[in-house]
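What follows is a single structure, written as structure tokens, with notes after it.
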Protein chains: 2
Amino acid sequence: MNQIVNLKSLKTTCQACSLSELCLPRSLDDSEMVRLDDIVQRKRPIKKGEFLFQVGQPFRSLYAVRSGSVKVFLPTPSGEEQIVGFHMPGELLGLDAMEHDTHSCSAVALETTTVCELPYQNMQELCHQIPGLNHQFMSLVSKEIGSEHEMLLMLGKKMADVRLAAFLLNLSCRFRTRGFSPNEFNLSMSRHDIANYLGLAVETVSRLFTRFQEDGILEVHRRLVTIRDMSKLVALAEYAGINCQHIKDMISDS
Amino acid sequence: MNQIVNLKSLKTTCQACSLSELCLPRSLDDSEMVRLDDIVQRKRPIKKGEFLFQVGQPFRSLYAVRSGSVKVFLPTPSGEEQIVGFHMPGELLGLDAMEHDTHSCSAVALETTTVCELPYQNMQELCHQIPGLNHQFMSLVSKEIGSEHEMLLMLGKKMADVRLAAFLLNLSCRFRTRGFSPNEFNLSMSRHDIANYLGLAVETVSRLFTRFQEDGILEVHRRLVTIRDMSKLVALAEYAGINCQHIKDMISDS
DNA sequence: CGGCCTATTGACGCTACTCAACATGAGTGG
DNA sequence: CCACTCATGTTGAGTAGCGTCAATAGGCCG
């Protein structure tokens with residue numbers, strides 16, 4: 001049964017993909033989408049812990065997450081790692097490798113994950129032929145830079161609770177955009193990963209989760225997070241200077 | 001006299017520009033460079049403290065720094081700011097605005113600065129016509145993402161001294177690339193800016209500068225920094241996982 | 001010369017890290 | 001099916017690093 005589903009999803013075209021509005025196909029017409037679809041290589045699902053690419057490997061393709069999630073990190077000489085991002089369906093990976101011809105970071109699946117592979121050479125040619133695709137590509141690249149700016153902002157203004165709040169809100173938004181509940185979701189990453197990403201110790205993250213529960217902000221069971229008081233979470237994150245207007249709008253709408 | 005020099009530099013073409021190897025013209029042939037040159041608008045110098053663009057303003061152009069330096073920051077609702085980067089000659093600004101049609105950050109000159117304005121519309125067209133330009137553009141964008149990853153790595157691994165060391169090394173490299181001394185340079189930004197950028201308090205930065213002097217690593221007079229012991233600085237920065245191999249090579253060469 | 005801004009230095013307190021023990025759940029093999 | 005192990009997460013105690021507050025020094029400009 002599972003296999004049938006997987007085979008089916010392997011055949012999914014860009015036209016039929018529910019992520020097309022988030023991903024590269026956005027604003028392409030049918031014939032253009034077919035041409036994009038032609039260069040997309042849909043790979044078999046990769047399991048939790050498998051690498052999509054590793055630092056130093058030759059750069060050939062960009063990847064778009066189709067399902068599951070991926071963490072991207074820089075390994076340090078001391079054998080540790082610094083996570084620079086978590087990627088959800090519809091998001092592009094490997095953008096930092098276009099400068100050189102090798103990957104400057106590694107990407108590993110946090111759960112069973114499927115991706116679309118976009119050979120860079122073909123992408124370049126197609127972007128040349130389809131201005132709309134080029135534009136959308138630049139848009140996604142620009143978005144990546146923007147979200148990293150936001151991350152820098154967060155890491156710059158210390159305060160652990162603010163960082164975690166902003167992180168959770170960010171996830172909440174991204175789940176909502178993808179049609180999932182913004183108030184209840186499963187974290188695909190470990191506490192260790194969260195701590196690493198936010199520049200905190202694991203223990204601090206753990207303590208914050210319990211404190212947020214005591215304050216009635218969250219309910220947490222293992223990796224299942226339920227946001228009980230969105231406004232408190234927003235108030236915390238706003239302290240970091242994160243722009244939460246769209247979330248506030250969402251709250252008042254409901 | 002000054003005015004004559006300025007007028008002269010205002011007329012500088014991409015072909016004659018000493019930064020062409022760092023900037024967009026790289027790897028373009030003569031005729032292509034002329035076409036790029038045609039769309040470049042060279043603006044009068046902007047003075048220290050003047051804005052190149054501000055958050056919320058409509059996005060029309062990218063900017064390449066020609067001389068001087070620029071700080072880019074996100075203003076927070078609380079009236080503070082988070083600096084996300086300092087830009088030196090040959091570097092592009094405004095990349096994060098391509099997603100929307102408004103700037104998502106502000107850019108202000110740290111000293112008297114000249115920039116080349118690249119109307120985005122024209123850039124897109126020209127990139128379409130000149131694949132080499134498009135490639136170099138993507139390269140610079142990719143480089144931007146890469147350097148922000150490095151920044152995230154630095155802010156993630158705390159330790160104030162390591163951050164400052166990595167920051168100074170980064171500047172040193174960039175000065176060297178531009179033909180200036182990697183061992184002695186003027187900081188165009190205030191201690192306040194450095195602290196903000198590195199996620200530290202001004203006092204901590206100040207204390208670190210004195211400590212680095214006591215340790216014989218630096219000599220600091222106001223904003224003039226002289227690196228006395230590059231290897232110690234590298235040792236500190238490497239602790240952060242910053243890849244310093246190219247700097248080590250440079251040291252052994254000299 | 002006086003005012004202002006930037007930078008430095010000192011004293012103190014708090015946040016978050018470290019070390020350590022313990023709890024819980026998942027996966028494995030008998 | 002249960003006991004075992006390992007990975008993951010939680011909680012506690014102690015501490016160090018860095019931020020905050022405050023005072024002072026030095027440079028720049030009118």
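The chains referred to below are lettered A, B, ... by the order of the sequence lines, with proteins before strands, and numbering in each begins at 1.
- Between the C1' atom of dA7(C) and the CZ atom of R223(B) lies a distance of 10 Å, rounded to the nearest Å.
- For the helix from dC1(C)-dG30(D) to dG30(C)-dC1(D), the rotation axes defined at the first and last 5 base pairs enclose an angle of 40°, given to the nearest 10°.
- Here the closest non-hydrogen pair linking R228(B) and E219(B) is NE-OE1, 2.8 Å.
- With I83(B) as the fixed residue, the side-chain contact (heavy atoms from CB on, under 4.5 Å) test singles out one of D193(B), V72(B), V108(B): D193(B).
- Annotation: F180(A) is not in aromatic contact with F185(A) [ring centroid separation under 6.0 Å not met].
- What separates CZ of R191(B) from P of dA25(D) is a distance of 19 Å, to the nearest Å.
- When the P atom of dG26(D) is taken as reference, atom NE2 of H221(B) falls 15 Å away, rounded to whole Å.
- The shortest distance between side-chain heavy atoms of P182(A) and F175(A) does not fall below 4.5 Å.
- Atom P of nucleotide dG9(D) and atom CG of N186(A) are separated by 12 Å, given to the nearest angstrom.
- Of the N and O atoms on the side chains of S188(A) and N186(A), not one donor lies less than 3.5 Å from an acceptor on the other residue.
- Under the 30°/60° scheme for interplanar angles, the aromatic rings of F59(A) and H103(A) are found to stand perpendicular.
- With 3.5 Å as the limit, one finds a donor-acceptor pair spanning the side chains of E148(A) and H149(B).
- Of the residues in residues 194-210 of chain B, those placing a heavy atom less than 4.0 Å from an atom of DNA chain D are G199(B), L200(B), A201(B), E203(B), T204(B), R207(B), in numerical order.
- Computed from coordinates, the R222(B) CZ to dC5(C) P distance equals 15 Å when rounded to whole Å.
- Atom CZ of R211(A) and atom P of dG9(D) are 20 Å apart (whole Å).
- If you measure from atom NE2 of H192(B) to atom P of dT8(C), you get 14 Å, rounded to the nearest angstrom.
- The separation between Q213(B) atom CD and dA7(C) atom P is 14 Å, rounded to whole Å.
- T226(B) and E184(B) form a side-chain donor-acceptor contact under 3.5 Å, judged by distance and modelled atom types alone.
- Contact check for L95(B) versus L62(B): side-chain heavy atoms found under the 4.5 Å cut-off.
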